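Working notes for the structure below.
None of these values were measured; they are calculated from a predicted model. All residue numbers in this chain count up from 1 along the given sequence.
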Amino acid sequence: MDKPKVTPKDFFLWAGAMLALYISVFTFVSLLFSYIDYSFPDPLEYMDPYSSAMRASIAALIVLFPLALFLMRIIRKGIERDPSRDDVWVRRWALVLTVFVAAVAGTVDLITLINYFLGGDLSTRFVLKVIIVLLVASGFFMHFLADIRGYWTKNPRYARMVGWGAAAVVLISIVSGFFIMGSPSQVRLMRFDDTKVSDLQIIQSQVTYYWQNKQKLPVSSRDLEDPLMGFALPKDPQSGQDYGYRVTKAPYSFEVCAEFNADSRTGSTDASVAQHYGGAEAETWKHTAGQNCFERTIDPDKYPSLNPKGILTPVR
């Protein structure tokens, strides 16, 4: 009996399904890794306050995983109508390749685990990541090995149950992400707050530079604007108003103020390692929701005048 020929439809259905499935699995594992990193943070690693990797994984899963299920459903419906489609070479290659990749991933995973165990470098988050990779690889291996043997073709009801179960697991992982990283509107408010902190840092730097040149603090923030140097005073990105500024104790102390949407979050720029401005040895920009003012005092020994008397003489 002649083997059935592969049609362009067969090829692109299997290619699209496998590509969508592989990327979905990769992003699913990456998403779970992000959850582990969030639950067991490493003080030596930077924690992205906007959860960019987490959001990218969720976006990919929302699009690609349903696409993979949809394409696989079309393929299975086609096999039900024409059983000869079950024996096309593109199907056999796709299934065998997937089983091979899953077996390699599981083997490398176990080797890595044993290597770290022998080296005494095991940590909770590393073990959890190894377990996730092992479980996903094992699930893929058994599922597609059963497909090669025709189990799912003979038991389509069980195949649908597995599909719904996988969809439920992915859905739970996606929903969990919103509890960790917050809603899109909350992320936007965080970006506003970090922009405000960045703007206040710029204003503070300009105040220090102004003092070094004139040996006095600017009366108002408007005095900092310098068209010749191209400096324009930043404004609050939400309200469009000027940031708060006032001299608290001449000639060295001043404060800058802004209205924030929420408390500082660990890892964001406003809660970062101390920045050395205005003589502060351990300055931070931690804030609460609402109006916050940051008082700074310039240390004249640390920030000497840039125009000592007698060095520069104005031309008359």
Self-check item: Ring center gap for Tyr22 and Phe26 short of 6.0 angstrom
Solution: no
Quiz item: Considering residues at least two apart in sequence or located in another chain, which fulfil the side chain to side chain contact (heavy atoms under 4.5 Å, CB included) criterion with Ala262?
Solution: Asp193
Quiz item: Among side-chain atoms of Ser253 and Thr297, is any donor-acceptor pair under 3.5 angstrom?
Solution: yes
Exercise. Run the ring-centre check on Trp211 versus Tyr252 and record whether the distance is less than 6.0 Å.
Key: yes
Please table the atom pairs, donor to acceptor, closer than 3.5 Å between any side-chain atom in residues 61-73 and protein atoms at least two apart or in another chain.
none

Self-check item: Which residues share a side chain to side chain contact (heavy atoms under 4.5 Å, CB included) with Val130, sequence neighbours left out
Solution: Asp109, Leu113, Phe126
Quiz prompt | Pairs involving residues 209-221, ordered by first then second residue, that meet salt bridge (charged side-chain N to carboxylate O under 4.0 Å, His left out) (sequence neighbours left out) | solution = none
Quiz item: Which residues pass the side chain to side chain contact (heavy atoms under 4.5 Å, CB included) test with Ala146, sequence neighbours left out?
Solution: Tyr151, Trp152
Quiz item: Restricting to pairs with a member in residues 184-264, which pass disulfide (SG to SG under 2.5 Å), not counting sequence neighbours?
Solution: Cys257-Cys293
Quiz prompt | Separation between OG1 of Thr7 and CZ of Phe11, rounded to the nearest 0.5 Å | solution = 11.0 Å
Quiz item: With a 4.5 Å heavy-atom cut-off, do Leu224 and Tyr209 have their side chains touching?
Solution: no
Quiz item: If you measure from the Lys or Arg side-chain nitrogens to the Asp or Glu carboxylate oxygens, is any gap between Arg85 and Asp82 under 4.0 Å?
Solution: yes
Quiz item: For Leu171, which fellow cluster members are found when Ile, Leu, Val, Met, Phe, Trp and Tyr are connected by side-chain heavy-atom distances below 4.5 angstrom, either directly or through intermediates?
Solution: Val175, Phe179
Quiz item: Strictly by modelled atom types, are Tyr243 and Asp236 linked by a side-chain donor-acceptor pair under 3.5 Å?
Solution: no
Quiz item: Quick one: do the Asn261 and Gln186 side chains pair a donor with an acceptor below 3.5 Å?
Solution: no
Practice problem: Could you list all the side-chain hydrogen bond (donor to acceptor under 3.5 Å, both in side chains) pairs where at least one residue sits in residues 217-229, not counting sequence neighbours? | Solution: Arg222-Glu225, Arg222-Asp242
Exercise. Can you run down the salt bridge (charged side-chain N to carboxylate O under 4.0 Å, His left out) pairs that involve residues 248-257, sequence neighbours left out, and say none if there aren't any?
Key: Arg246-Glu255
Quiz prompt | Of all pairs that satisfy side-chain hydrogen bond (donor to acceptor under 3.5 Å, both in side chains), the ones with a partner from residues 154-173, not counting sequence neighbours | solution = none
Quiz item: What residue pairs, at least two apart or across chains, pass salt bridge (charged side-chain N to carboxylate O under 4.0 Å, His left out) with a residue in residues 128-147?
Solution: Asp37-Lys129, Arg76-Asp147, Arg91-Asp147
Quiz item: Tell me, which pairs form a salt bridge (charged side-chain N to carboxylate O under 4.0 Å, His left out) where one or both residues lie in residues 94-106, sequence neighbours left out?
Solution: none
